[in-house]
Participant: 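My questions all concern the structure below.
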Amino acid sequence: MDIGKRIRNLRKSKNMKVKELAQKAYISQPYLSDIENGRTTPSLDKLTTICDALGITLAEFFGYESELTPDLMRLLENMKKLTEEERSHLSDFIEEILKRN
């Protein structure tokens, strides 16, 4: 897993700027940029702090969503906020769209 790429995708999915995440994670902007660009790897403590700033757990960081693009991650995050009935309607809607294509 590319940790820096995962952090960047999560940050972008939450519409956060590098500066904003760095401030929330109490790290410097250049350090976060180095992490996202693969020039350095954060310690477990720093990664935990970054996850906290992103509003996720380490388990979520390393979970099944790790390879999703920012737009798909944003879609999943929004879907988690829906009721079961609303998710069902959305699923039906998507299936109808796919049938047309």
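Each residue takes its place number in the sequence, starting with 1.
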Participant: Only counting residues at least two apart or in another chain, list the ones meeting side-chain contact (heavy atoms from CB on, under 4.5 Å) with S28.
Facilitator: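 By the side-chain contact (heavy atoms from CB on, under 4.5 Å) rule, S28 matches P30, Y31.
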
Participant: Sequence neighbours left out, what passes side-chain contact (heavy atoms from CB on, under 4.5 Å) with E96? Give chain and number order.
Facilitator: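 Only K99 meet the side-chain contact (heavy atoms from CB on, under 4.5 Å) criterion with E96.
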
Participant: Any non-hydrogen side-chain atom of I27 less than 4.5 Å from a side-chain atom of T49?
Facilitator: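 SC-SC contact between I27 and T49 ruled out.
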
Participant: Tell me whether K14 at atom NZ has more than 12 heavy atoms from other residues, nucleotides or ligands lying less than 6.0 Å away.
Facilitator: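 More than 12 heavy atoms, drawn from other residues, nucleotides or ligands, come within 6.0 Å of this atom.
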
Participant: Distance from I50 atom CD1 to S43 atom OG, nearest 0.5 Å?
Facilitator: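 The CD1 atom of I50 sits 8.5 Å away from the OG atom of S43.
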
Participant: Show the numbers, then the answer: is there a salt bridge (charged side-chain N to carboxylate O under 4.0 Å, His left out) between E84 and R87?
Facilitator: CA-CA 5 Å; E84 186 175 333; R87 284 193 303 269; 5.1 Å; no

Participant: Of the non-hydrogen atoms in L21 and M16, which two are nearest, and what is the gap between them?
Facilitator: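 Scanning both residues, the minimum pair turns out to be CA-CE, 3.7 Å.
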
Participant: Could you tell me the separation between the CD atom of E60 and the CD atom of E77, rounded to the nearest 0.5 Å?
Facilitator: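 So the CD of E60 and the CD of E77 are separated by 7.0 Å.
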
Participant: Is there side-chain contact between L47 and F62, with heavy atoms separated by less than 4.5 Å?
Facilitator: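 Yes, side chains in contact.
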
Participant: Examine distances only and state if a side-chain atom of E36 and a backbone atom of S33 form a donor-acceptor pair shorter than 3.5 Å.
Facilitator: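 Flag not set: sc E36 to bb S33 has no pair under 3.5 Å.
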
Participant: Taking the side chain as everything from C-beta on, heavy atoms only, tell me whether R8 gets closer than 4.5 Å to N37.
Facilitator: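 Sidechains of N37 and R8: in contact.
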
Participant: What heavy-atom pair brings D2 and K5 nearest, and what distance separates the two atoms?
Facilitator: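 Minimum heavy-atom contact is OD1-N, 3.0 Å.
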
Participant: Which heavy atom of L58 sits nearest a heavy atom of C51, and at what distance?
Facilitator: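 So the two residues come closest at CD2-SG, 3.9 Å.
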
Participant: Do the side chains of N15 and R74 get nearer than 4.5 Å, heavy atoms only?
Facilitator: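 Sidechains of N15 and R74: in contact.
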
Participant: Just verifying a value: how many Å separate K17 NZ and K12 NZ, rounded to the nearest 0.5 Å?
Facilitator: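 Here the rounded value is 10.0 Å.
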
Participant: Within this structure, what is the CD1-OG1 distance for the pair I56 and T48, rounded to the nearest 0.5 Å?
Facilitator: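 If I round to the nearest 0.5 Å, the distance is 10.5 Å.
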
Participant: Hydrophobic clustering (ILVMFWY, side-chain heavy atoms < 4.5 Å, transitive) - are Y26 and L10 grouped together?
Facilitator: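 Different clusters.
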
Participant: Going from NZ on K46 to CG on L32, what distance comes out if it is rounded to the nearest 0.5 angstrom?
Facilitator: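 Result: 11.5 Å between the selected atoms.
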
Participant: Is it the case that one hydrophobic cluster holds both L76 and F61, taking links as side-chain heavy atoms less than 4.5 Å apart, direct or via other members?
Facilitator: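 Same hydrophobic cluster.
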
Participant: Is there a side-chain contact between E95 and S91 in this structure, where contact means two heavy atoms from C-beta onward sitting under 4.5 Å apart?
Facilitator: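 Yes - at least one pair of side-chain heavy atoms lies under 4.5 Å apart.
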
